[in-house]
Structure formats: C-alpha cells, structure tokens
Number of protein chains: 2
Amino acid sequence: MKAARPNLSELARHLGVSIATASNALSGKGRLSPELAQRIRETANQMGYVPSQAGRALRTGRSGVLGLVLPDIGNPLYPEIAQEIERVATGAGYGVLIANSRDDISAQDKAIFQLVERGVDGIVIVPRRGTKVPETRCPIAIIDTPKTPRNTVSGDHFDGGAQVARHLTALGHTRILLIGDDPSSNVQNTRINGMRSELSDAQTVETIWIVEIEAKHGKGCALDLAAWRARGFTAFACVSDPHALRALTELQSAGIAIPAEATVTGFDNLQWSSFISPPLTTVKMNMPEIARLAIDALVTAIKDRDASDDTPSPPVTARKASVPMELVIRRSSGPAPEAQP
Amino acid sequence: MKAARPNLSELARHLGVSIATASNALSGKGRLSPELAQRIRETANQMGYVPSQAGRALRTGRSGVLGLVLPDIGNPLYPEIAQEIERVATGAGYGVLIANSRDDISAQDKAIFQLVERGVDGIVIVPRRGTKVPETRCPIAIIDTPKTPRNTVSGDHFDGGAQVARHLTALGHTRILLIGDDPSSNVQNTRINGMRSELSDAQTVETIWIVEIEAKHGKGCALDLAAWRARGFTAFACVSDPHALRALTELQSAGIAIPAEATVTGFDNLQWSSFISPPLTTVKMNMPEIARLAIDALVTAIKDRDASDDTPSPPVTARKASVPMELVIRRSSGPAPEAQP
DNA sequence: TAGATATGCTTAAACGTTTAAGCAGCAGTG
DNA sequence: CACTGCTGCTTAAACGTTTAAGCATATCTA
C-alpha cells in the first residue's frame, strides 16, 4: 500500500495533463483555461497534494524560512518578540528558525552563519548588547535602538523614558533613583537618557547599575534601596520589569509601602506585571507593530535582492524606524509622600 | 564578478575530479584515497563551499529541521524549554522551526500541519492543556506529564509536589493552601496531587484555582490570601512561580511578612525567582535533561521511520519517561509561626 | 600466469519543483 | 489564401545534492 504523499507528476498523470500544466494551475501563472485550472486545483485538494518545499526551494533558490536570533531566549524580555515575529512571519508565508546567541559574543556570529548555511531567506536579529552584526549577502533586519548602526526598527525607548519621567514629575517626586542593569546595553542607556531628558535640575536624579553592585556583593544581592529611601528618594524607576520586581519586593520586604511611601516603575509590561500587588506601572512596547515593520522590511529586501546580485546585502530599512511606546499606569506609582520619614 | 557561493560541481571542476568524488570526500562515505579526500576537504574550505540544504533535502528526503510547538511563547514557562530544545537540537545537527498554538485549541493542529507541510523531520510539542495531539506520519515527541497519552518525556511533577509537601511538613506547617491556575492542566493537576499525596490527614489542606476566582471577580483580582492567613493558613504552595509571585506580593502588600508570618513556594525556578525579596523557594525542572531525552528519542524515531514506511508514526518513546525535579530552598519558606494572630 | 578481488575513481540517475521555449490549432487581418 | 498573433497546452532543462552501478587499474591467490 502506498499512501505516501502524491507529488506533482502523480497528480498530473492522474489527470492526464503535463506536469507543467499542473504546476501552472496551482500557482496561477501560465496560460491555461480557467476550467482546467479549477479541475486541477480540486483534484489536488482531493488527492491531498502538498508541494515539496525542498523541490521548490531547490528550483527557486528561496527556502521560505526566516531566521530569528535572540541573545537569550530564557530572558523574559524576548519571548514576546519571538511570539510576534512568528505570528507576522507565518502570516507572510514564512517559517521561523530560531537561534540562540546565548549571550555569548562569538555565538551570535556563529548563529547567523548557521542560519545562512541552512538557507534562510533573511534574518531578524536582536543584537547582544554592544556587538557588531556581520555583513552577509543575506538580508538582516536589526531590532535594537534607533541609534544602533543599521538598525531597522525599534521601540522609541527614549520617549518611553521621557513618559515615565513626566509621570513621576507630575506625581511630585523630586528625588528619583534610576535603576539599570548593564550600562553596555543600548536599550537600557536610551531608556535612562530618555528619563533624564525630562527631569529638571530642580530634581535630584541618581543612577545605579545592578551589574556593578553585583560585581561587588555577588549575584542576587540586596540593592540597599531602603537606604536610598531613607535619604529621601521616593521614586525608583527601573529599566525593565524584572528589575522593578526586584526593587518592589525589596522595598516591601523592608516594610516600605508601595505606592504610599515609594513609587516603582518598570519597562516592557511583562505578563505578570499586572498580577502582582500592587500592579506595576510600566511602559509597553508595541511589539505587533515592530514585528510587522521588521518583517515587512525584510521581505521587501528579500524580493529586491534578486534583481541586483551584489555580494553584501544593503541595510534593511523600514518605513518607520521608531515605534511609540505606551505608558501603562497602574498602582505601583503614586503621589510623592509629603514628608521624608 | 561572480562571488556567489560555489556548488559541488564548481568545486569538482576546480579540482579536476568528478562531482561524486567531491561529495564522497566531504561526507566520508565512498571509496577514495585519504590524500585526495583531504585535498578536496581543504579546497572546499578554502573556496568557502557550503552544501545546499535544498539540494540535499530534495535528494535525501530529510530537511534537517525539527518543529517546536508551544502553547504560548509569551508565557514565561516555555522559553526555557525552547532554549534547551534549540540547544540540544543544534548539537544534533538540526534546526528548530517554531510554531505557536496561541492557546487556541484548533491552532495547535494547524501549527502541526504547517510544520509538516514545511517538511520538518519531526516535531516536539508541549500540548495545550487537555488537547489530543493528532497522529501523523511525522514523528512527534510530546512533553507534558507521565500520564499523558503518548507522552515521551517530562519532569516528575508528582514527585516535585511531594518534595514541596515534605518541605512544608518539616517546617511544621499544618494549614496549607494549594494555589493552582487552571484545573484542566495536566501539569498543574499532577503537581497538586503530588503535594496532597505527602500531606497527612492531620494537616488541613485546601486548593483554590485562580481561573475560577477570576471568572467571578475579573482578571488580576485579589486572591484574598490575607483572609486565608487570618483563618490560620500559614503555607501557600503555588503551582508555578508567577502565581507564587502573585501570592507573595499580595501577602506582602497586606503587611504579612514572608517568611516570618507566611511561607510561599512556587514551581519552575524562573529567572527572577532568585532575585526577588525574599528569594522564592521553588522546584526546578531538569530541562537540559528533558530536552536531551526528547530530542534523542525523536532523532531515533526519525532514523527508524525510514525502514518501515507505514503511514502513522508510532508514539515516540524515550529511554526515561520521567526526570526528577529538584527542590530549591530559598528564603520565602520558613518555620510555621508559633501562634495564629 | 590466470583468475578473483580490492581500490579509486567516474557516469548517470534520481529527488520534485519552476519556467523558458516550443508547438499545434484557431481566429483575425489584409 | 497566406500571414500574423493569440490560446492552451507540452517538452525539456535546470536547481544541487546523494548514491547505486560501472569501469579501469592494481593487488592478491592458487
């Protein structure tokens, strides 16, 4: 018994037409009578014909697959990107091959090379902080920050920071602690700069970087936020939700009430941020839009590349390089307390 | 200027040998002299020869790609699975194509079909709760719970629960609240059952399901844990870290000190669980091992399938169906308080 | 020394698709 | 009626790889 999937020639033989005619009917390309085309499509369906990607890829030189390189899939920041990229790519008829650069600086280049080797038509990459993305003949869309060289599209991290700062200012906070993780991250720096840009000289603003503190006191150490609170700092603006979570629980554990005695804000609107107590004020990226722009740009670049066959693919540019972010105000932020304790 | 990647025939012509010889040299299969083989490999390297996956796939019928179907990539539980699957698959020479079943019950089947259509050699699936995985000619490895039909490998959720229960008992807790999200989840039920199995009749044990509470009071509503605490419940054992986080912050917000006045435990050891205050006591899955067993089993099934060409692929079974979990004791769990407040 | 066997390579076919080119038949044109 | 052009289909080549089969030449065996 042969129940194996039929191929084009079996389908054609079954119908008594040539292979080319069958192919044309299914792709709607050549010249043939509407009736025959219709009949071919119907029997194709009925016979359960599924075109072989391998055959098609070999002939057309296109695999219909995009690569996605993420610095660290385990990091809660990236799954949402992956999710949206997958959604949009699937909608555009592409599959998504994932690769992990494992936060290893050389692994990123290796991951890209492996994807190219697998024959992907294009690559979306969220670069590891502070690395150069190699030039290839394969189009690469980069999602980082507007200032990153060859960046394709990204959230407007700067304006996101500005929105947080305005929110804190409106709440009357005058002594504000900015909490970042790693100063070598483009994204984090842009967010911090955005916040600073909207804070006036009348306000006191300090920045701490978690990696620096952990370098001294070990991973997962306390950030000593209660001491900052004692010095009159009432707002703790973090560069990402996990850090906000760390700050929030540390303050709560120290008996400091949120938001009555201190305000905490984050970035990225991670799934759990609305379920904790108090729910976290944060900034939400428009991921669906970012993914759409990135994939659109990439697909366009792939189509264009056929025409000119020059070796290095030019930078992939989107119709819009920067997508607005949205401040989501929840209960972890509140008016600055009147008196310092 | 043609800098396009050379193919086998160009490489062969350059060396003055036949295509078959070049192929044999690179794959190490046919009969040929070691010297020539060496020379071919060297010039291949030097010319930057990269074999075409499309050509190879067409000839061998194998794409070298596995599919990975996850219920919801945005859910913090799955990235770690994805990460490990990707790592192990890459090590075994496979690429990983991701698909999202979007927690949509029909999308899962569609995702599987699309992957098969793309020509994947096998599929790893973490099934959406309570769904049947369709039978295909393409081998499918399932990661869920030991009792799930056709399950390939999974963590020993039952024993994980048992470990939590023993830990709580050892700490002297007598009134324990089990917090689950959705009773239709195999994984969550097994964890709950595991916990109950090690709690004696002398202890008071209740279970609440978040979806049921939210159905009444809306998404993100309070779980009223302070009231449970007032009724003398001192331990809150959650079925996953995000729920533990929700419980922990809710209790802290209500002014209940962790772990002095209440103990909270989770499952899954998510990245942030060690950075919050207090760090979360949780149960860690051995994901690297689970991924290894799943991919091993899948790859074996793929190799075996060639021999017998019967239509539905038999269930993929691993050498070990269940992988032990490890209790990670941190500071969110402590001795039961002496007196009830 | 004849025959068998092993060695080192080549020839050629096959995988399933797309697509340029070709070829009848037929309608319209001058 | 000869010529052109369109329509509807077929023929055949090509994409790049793997691999079975073939074929000399060299080595061993009796």
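A, B, ... follow the sequence lines: proteins, then strands. Residue 1 opens every chain.
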Problem - Phosphate OP1/OP2 of D:dG16 contacted by B:S52 side-chain N/O (<4.0 Å) - result: no
Exercise for the section: Output yes when a side-chain donor or acceptor of B:S63 lies under 3.5 Å from a complementary backbone atom of B:G119, and no otherwise. Expected result: yes
Practice task
Quickly work out the A:E10 CD to C:dG16 C1' distance and round it to whole Å.
Solution key: 11 Å
Fill in the blank from the handout: The nucleotide from C:dA12, C:dT19, C:dG16 with an atom nearest the side chain of B:A20 is C:dA12
Handout entry: Whole angstrom value for the distance that separates C1' of C:dT19 from CG of A:L32
Key = 13 Å
Exercise for the section: Would you classify A:L8 as touching base, sugar-phosphate or nothing, given that sugar-phosphate means primed atoms plus P, OP1 and OP2, and contacts are heavy atoms under 4.0 Å? Expected result: base
Exercise for the section: Looking at every strand, decide which applies to A:I19 at a 4.0 Å heavy-atom threshold: base, sugar-phosphate, or nothing. Expected result: base
Handout entry: Phosphate contact (C:dG16 OP1 or OP2) by A:S9 side-chain N/O below 4.0 Å
Key = no
Handout entry: Heavy atoms from other residues, nucleotides or ligands near NZ of B:K320 exceed 12 (cutoff 6.0 Å)
Key = yes
Problem - Phosphate OP1/OP2 of D:dT19: any B:K29 side-chain N/O under 4.0 Å - result: yes
Exercise for the section: Provide, to the nearest angstrom, the distance between the CG atom belonging to B:L36 and the C1' atom belonging to C:dT10. Expected result: 12 Å
Fill in the blank from the handout: Here the distance between atom C1' of D:dT18 and atom CG of B:N7, to the nearest Å, is 14 Å
Practice task
Would you check if the side chain of A:T152 reaches a backbone N or O of A:A294 as a donor-acceptor pair within less than 3.5 Å?
Solution key: no
Exercise for the section: With heavy atoms under 4.0 Å as the rule, sort B:S23 into base, sugar-phosphate or nothing. Expected result: base
Exercise for the section: Look at the side chain of B:S101 and the backbone N and O of B:L70, then say whether any donor-acceptor pair between them is shorter than 3.5 Å. Expected result: yes
Problem - Gap between atoms CZ and C1', on A:R56 and C:dC15 respectively (whole Å) - result: 16 Å
Exercise for the section: Classify the nucleic acid contact of A:A54 as base, sugar-phosphate or nothing, counting any heavy atom under 4.0 Å across all strands shown. Expected result: nothing
Practice task
Specify the separation, in whole Å, of atom CG of A:L26 and atom P of C:dT19.
Solution key: 13 Å
Exercise for the section: Let me know the distance between CD of B:Q53 and P of C:dC15, rounded to the nearest Å. Expected result: 20 Å
Practice task
Looking at every strand, decide which applies to B:R31 at a 4.0 Å heavy-atom threshold: base, sugar-phosphate, or nothing.
Solution key: base
Fill in the blank from the handout: Ranking B:S33 and B:R59 by the position along DNA chain C of their nearest nucleotide, the one closer to 5' is B:S33
Practice task
Using modelled atom types only, decide if a donor and an acceptor are shared between the side chain of A:N151 and the backbone of A:D144 within a distance under 3.5 Å.
Solution key: yes
Practice task
Report which part of the nucleic acid B:T60 touches: base, sugar-phosphate, or nothing (heavy-atom distance under 4.0 Å, all strands).
Solution key: sugar-phosphate
Handout entry: Nearest-angstrom distance from the residue atom CD of A:E35 to C1' of D:dT7
Key = 12 Å
